[in-house]
Amino acid sequence: MEDQKFLEDLVKALVNNPADVRVERKVDERGVLLTLYVNPSDMGYVIGRSGQTAEAIRRLVRTVGAKNNARVNVRIYEPEGSRGPRQQSDDQDQQMTPSALPEEVDTSAIDDFTI
């Protein structure tokens with residue numbers, strides 16, 4: 001139960017809606033699973049850039065669990081549809097191919113340009 005209280009207090013300090021923070025604790029043969037529920041508007045604070053905050057939270061909670069000889073995992077509950085469509089990194093890295101270029105390029109602005 002110490003791990004559950006630790007997670008709850010930690011996350012409440014990070015978010016704008018601490019009253020909405022809730023942690024469910026489930027114990028099975030693989031260890032302890034803590035499921036974290038937060039207000040959807042606070043999800044970015046809990047996840048962090050590239051998941052760095054979430055990973056740090058998981059490491060801290062695992063450390064508290066290890067101190068009590070328990071294997072603790074944290075699951076952050078994400079409601080269905082809470083995230084917008086993911087952009088594929090291939091689209092960002094893709095260079096423009098000739099087929100993706102416009103058919104006709106307007107060069108009228110530089111037609112009279114001289115060096």
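Worth knowing before you read on, the calculation uses all heavy atoms, side chains too, and leaves out hydrogens, waters and symmetry mates.
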>> If you apply the rule side-chain contact (heavy atoms from CB on, under 4.5 Å), what do you find for V61 with F6, and how did you get there?
In response: CA-CA 7 Å; V61 173; F6 175 78; 4.1 Å; yes

>> Before you tell me yes or no, could you show the steps for V72 and T63 under side-chain contact (heavy atoms from CB on, under 4.5 Å), namely the whole-Å CA-CA distance, both residues' side-chain angles and the distance that decides it to 0.1 Å?
In response: CA-CA 8 Å; V72 181; T63 303; over 6 Å; no

> Given the rule in the side-chain contact (heavy atoms from CB on, under 4.5 Å) test, do V15 and N39 qualify, once you have shown the distances and angles that lead to the verdict?
Replying inline: CA-CA 9 Å; V15 298; N39 187 304; over 6 Å; no

> Going through the checks in order, is the side-chain contact (heavy atoms from CB on, under 4.5 Å) test met by V46 and L36?
Replying inline: CA-CA 10 Å; V46 174; L36 175 65; 3.8 Å; yes

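Note that the OH atom of Y77 and the CE atom of M43 stand 9.0 Å from one another [nearest 0.5 Å]. We find the CG-CG distance between D42 and D20 to be 7.5 Å, quoted to the nearest 0.5 Å. Atom CG of L7 is separated from atom CZ of R22 by 12.5 Å, given to the nearest 0.5 angstrom. Taking CD1 from I57 and CD from Q52, the interatomic distance works out to 12.0 Å, rounded to the nearest 0.5 Å. Interatomic distance, CD of Q4 versus CG of D9, reported as 10.5 Å (0.5 Å rounding).
In K12, the NZ atom is crowded: over 12 heavy atoms of neighbouring residues, nucleotides or ligands sit closer than 6.0 Å. Taking a 6.0 Å sphere around OH of Y45, one finds it holds 12 or fewer heavy atoms contributed by other residues, nucleotides or ligands. Around the CZ atom of R25, the shell of radius 6.0 Å holds more than 12 heavy atoms that belong to other residues, nucleotides or ligands.
Judged purely by atom type and a 3.5 angstrom limit, R75 has no side-chain atom pairing as donor or acceptor with the backbone of T35. In this structure a side-chain-to-backbone donor-acceptor pair under 3.5 Å is missing from E2 to V64.
Nearest approach of N17 to S41, heavy atoms of both residues: ND2-OG, 3.3 Å.
Within the 4.5 Å cutoff, the side chain of L14 has heavy atoms near those of the T53 side chain.
Linking Ile, Leu, Val, Met, Phe, Trp and Tyr whenever their side-chain heavy atoms come within less than 4.5 Å puts V23 and I76 in one cluster.
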